[in-house]
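Worksheet for the structure shown next.
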Amino acid sequence: MKLQTEYMQDLMDRVIKNHPSQPEFHQAVQEVLVCMEPVAKAYPEYVKAGIFERMVEPERIIIFRVSWVADNGDVKVNRGFRVQFNSAIGPYKGGLRLHPSVNLGVIKFLGFEQIFKNSLTGLPMGGGKGGSDFDPKGKSDGEIMRFCQSFMTELSKHIGADTDVPAGDIGVGAREIGFMFGQYKRLRNEFTGVLTGKGLNYGGSLVRTEATGYGCCYFTQAMLETKGESFAGKVVVISGSGNVAIYATEKATQLGATVVALSDSGGYIYDPAGVDLKLVKRLKEVERKRISEYVKERPDAKYTSGCSGIWTIPCDIALPCATQNELDGDAANALVANGVVAVAEGANMPCTPQAVEVFLEKGILFGPGKAANAGGVATSGLEMSQNSMRLSWTFEEVDEKLEAIMRNIHRQAKAAAEEYGEPSNYVLGANIAGFLKVANAMYLQGVAY
Ligand code: GLU
């Protein structure tokens with residue numbers, strides 16, 4: 001995916017120069033700019049107003065020290081980040097990631113993608129992302145709490161229900177959101193919807209836990225329907241075994257498919273009879289154990305260390321739900337050779353540009369993360385609405401809204417892809433549809449940021 005015009009190539013060169021050594025950010029920007037070439041031609045006023053230049057530069061970046069005390073009394077120091085990327089259509093919105101691989105470039109790539117994803121949901125949310133290089137693995141509940149409190153002590157100065165509303169991402173679930181919410185309330189003495197993904201007893205929304213995985217399946221189902229297909233009777237491979245993977249497994253199974261594989265950062269399990277989701281939930285959500293433990297209780301399943309082999313398992317549908325760049329060109333070719341019909345990104349940017357090229361070239365239904373995993377943040381948006389109204393909707397009400405939002409995202413992406421001459425290219429469609437709404441808002445608001 002190369003840039004064709006001098007204008008976009010110059011812009012890309014400047015991004016690389018101004019944000020050195022941030023390959024994930026460059027990758028995310030390059031993908032969007034490739035899709036923006038026909039848009040720049042169709043909207044010369046956006047070029048003149050510097051919209052493309054403004055879009056790739058975050059409005060604000062906050063970097064801070066996070067000191068906390070380990071159980072043995074040692075003081076530890078981590079780095080905290082919040083990238084407030086774009087507030088044209090609503091308060092900054094996006095998750096917090098706690099993982100040793102986190103650095104400024106990773107948070108910038110995630111914040112950049114969040115702008116377009118949030119726009120596609122149709123809800124009034126800008127784009128942001130944050131996190132820390134803190135590694136939650138092996139930490140006690142007390143250590144997690146002290147880290148979260150210290151992290152929030154600084155973050156609280158920069159967020160607010162109408163300013164910036166963080167949520168979970170890798171390494172941040174209900175436990176961490178609870179500790180952070182408690183600390184925010186203690187510091188500010190106010191009970192507001194400043195975070196989403198909260199517990200159900202203190203302002204959380206039903207379906208938020210399930211939303212990213214469910215949404216990914218709703219989007220995939222909409223893609224399959226364009227070919228007269230569905231999940232029924234299909235074999236599905238899903239990477240990851242966190243929140244997204246678990247609830248993608250649940251929904252795919254409810255829709256009649258058999259999910260045969262899951263993974264974590266150590267390796268993957270293959271269970272041809274269909275994974276035992278109850279067991280996975282216990283191991284991962286309650287006991288916080290490795291996926292390798294699965295085969296101890298399901299002797300017919302096989303565990304393989306290392307992650308990339310998961311894509312050599314024959315399947316009809318592949319849902320990468322683990323992390324960025326986990327599925328490369330070779331893996332894409334293996335999936336295609338085994339007859340895959342649809343691939344949808346439950347994680348953020350799990351497919352490398354080479355993999356995406358393979359899927360598009362071979363005419364595989366490919367749902368990019370901005371569209372396919374938008375269900376999580378969409379339901380966060382619904383949580384914000386419920387908080388503002390001080391009421392809670394039922395599970396069925398939220399689930400219905402989630403499905404409608406995912407189908408609407410599919411419709412928008414498809415329509416934009418058709419309008420720009422590549423009807424089956426959801427990457428092009430999602431980027432253009434997501435971009436145009438934000439660009440128009442920036443244009444109408446004048447030269448602010
Ligand atoms: N971290 C999720 C994402 O990548 C959800 C963000 C949110 O709910 O704000 O979209």
Side-chain angles (χ1 to χ4, degrees), residues 24 28 81-87 89-99 102 106-132 155 159-161 163-174 176-177 180-181 193-199 203-216 219 240 242-248 319-324 344-350 367-387 398 401-402 405-406 409 430 434:
E24 293 87 359
F81 304 93
R82 186 72 183 166
V83 173
Q84 298 180 329
F85 221 119
N86 192 304
S87 62
I89 62 168
Y92 308 105
K93 180 84 196 84
L96 298 169
R97 177 176 292 192
L98 299 183
H99 193 270
V102 163
V106 167
I107 299 297
K108 257 192 230 166
F109 118 65
L110 291 163
F112 182 67
E113 297 236 306
Q114 203 81 41
I115 304 169
F116 310 102
K117 184 195 309 195
N118 294 2
S119 162
L120 282 168
T121 67
L123 301 172
M125 300 182 289
K129 200 87 183 191
S132 171
L155 189 68
I159 63 176
T163 307
D164 183 356
V165 183
D169 195 79
I170 293 172
V172 176
E176 293 73 19
I177 292 293
M180 289 188 202
F181 184 79
V194 68
L195 291 164
T196 59
K198 299 185 291 298
S205 173
L206 286 159
V207 197
R208 178 61 191 87
T209 309
E210 295 85 352
T212 315
Y214 278 22
C216 185
F219 187 88
N243 177 256
V244 183
I246 286 177
Y247 292 97
L319 306 176
C321 297
T323 195
Q324 66 264 14
E345 295 184 317
N348 290 311
M349 206 167 77
K370 282 183 196 91
N373 73 39
V377 74
T379 309
S380 279
L382 300 176
E383 182 172 330
M384 290 164 73
S385 304
Q386 292 168 82
N387 291 166
V398 182
K401 290 187 204 305
L402 168 63
I405 289 170
M406 296 314 294
I409 293 174

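Hydrogens, waters and symmetry mates play no part in the numbers below; they use all other heavy atoms, side chains included. Both ligands and their constituent atoms are indexed starting at 1 by order of listing. Everything quoted here is computed from the prediction, not taken from an experiment.
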> With a 4.5 Å limit on heavy-atom distance, are the side chains of Asn348 and Gln324 in contact?
Replying inline: no
>> Check this for me - ligand 1, Val165, N or O atoms closer than 3.5 angstrom, yes or no?
In response: no
> Under a 4.0 Å heavy-atom limit, does Gln114 contact ligand 1 with its side chain, its backbone, both, or neither?
Replying inline: side chain
> Between Ala167 and Ser380, which heavy-atom pair has the shortest distance, and what is it?
Replying inline: CB-OG, 4.2 Å
>> Looking at Asn373 and Ala347, would you say the former's side chain and the latter's main chain have a donor-acceptor pair under 3.5 Å?
In response: yes
> Are Lys370 and Glu113 close enough, and set up right, to give a salt bridge (Lys or Arg N to Asp or Glu O under 4.0 Å), and what steps lead you there?
Replying inline: CA-CA 6 Å; Lys370 282 183 196 91; Glu113 297 236 306; 3.4 Å; yes
> At a non-hydrogen distance cut-off of under 4.0 Å, which region of Thr379 contacts ligand 1 (side chain, backbone, both, or neither)?
Replying inline: neither
> What residue and heavy atom of the protein are closest to atom 6 (C) of ligand 1, and at what distance?
Replying inline: Gly95 N, 3.5 Å
> For ligand 1, which atoms have a heavy atom of Asp169 less than 4.0 angstrom away?
Replying inline: 1 (N), 2 (C), 4 (O)
> What pair of heavy atoms forms the shortest contact from Phe109 to Ala28, and how long is it?
Replying inline: CD1-CB, 4.0 Å
> With a cut-off of 4.0 Å, which atoms of ligand 1 are near a heavy atom of Arg208?
Replying inline: 5 (C), 7 (C), 8 (O)
>> Out of all atoms in ligand 1, which are within 4.0 Å of some heavy atom of Ser380? Include the element for each.
In response: 7 (C), 8 (O), 9 (O)
> Applying a strict 4.0 Å limit to heavy atoms, is Ala374 in contact with ligand 1?
Replying inline: no
> Using heavy atoms and a threshold below 4.0 Å, how should the contact between Glu383 and ligand 1 be classified: side chain, backbone, both, or neither?
Replying inline: neither
>> Heavy-atom distances under 4.0 Å decide this one: backbone, side chain, both or neither, for Glu113 against ligand 1?
In response: neither
>> Students should be able to answer this: which protein heavy-atom is nearest to atom 10 (O) of ligand 1, and at what distance?
In response: Lys117 NZ, 2.8 Å
>> Between Met125 and Ile89, is there a side-chain heavy-atom distance shorter than 4.5 Å?
In response: no
>> Within ligand 1, which atoms have a heavy atom of Ala167 less than 4.0 Å away?
In response: 7 (C), 8 (O), 9 (O)
>> I need the minimum non-hydrogen distance between Ile405 and Ala378, along with the two atoms involved.
In response: CG2-CB, 4.0 Å
> What do the steps show when you test Lys93 against Thr196 for side chain to side chain donor-acceptor pair (under 3.5 Å), and what is the final call?
Replying inline: CA-CA 9 Å; Lys93 180 84 196 84; Thr196 59; 3.0 Å; yes
>> Going by side chain to side chain contact (heavy atoms under 4.5 Å, CB included), Ser205 matches just one of Met384, Gln386, Lys198. Which one?
In response: Gln386
>> Tell me the nearest of Met384, Lys129, Lys93, Lys370 to atom 9 (O) of ligand 1, using heavy-atom distances.
In response: Lys93
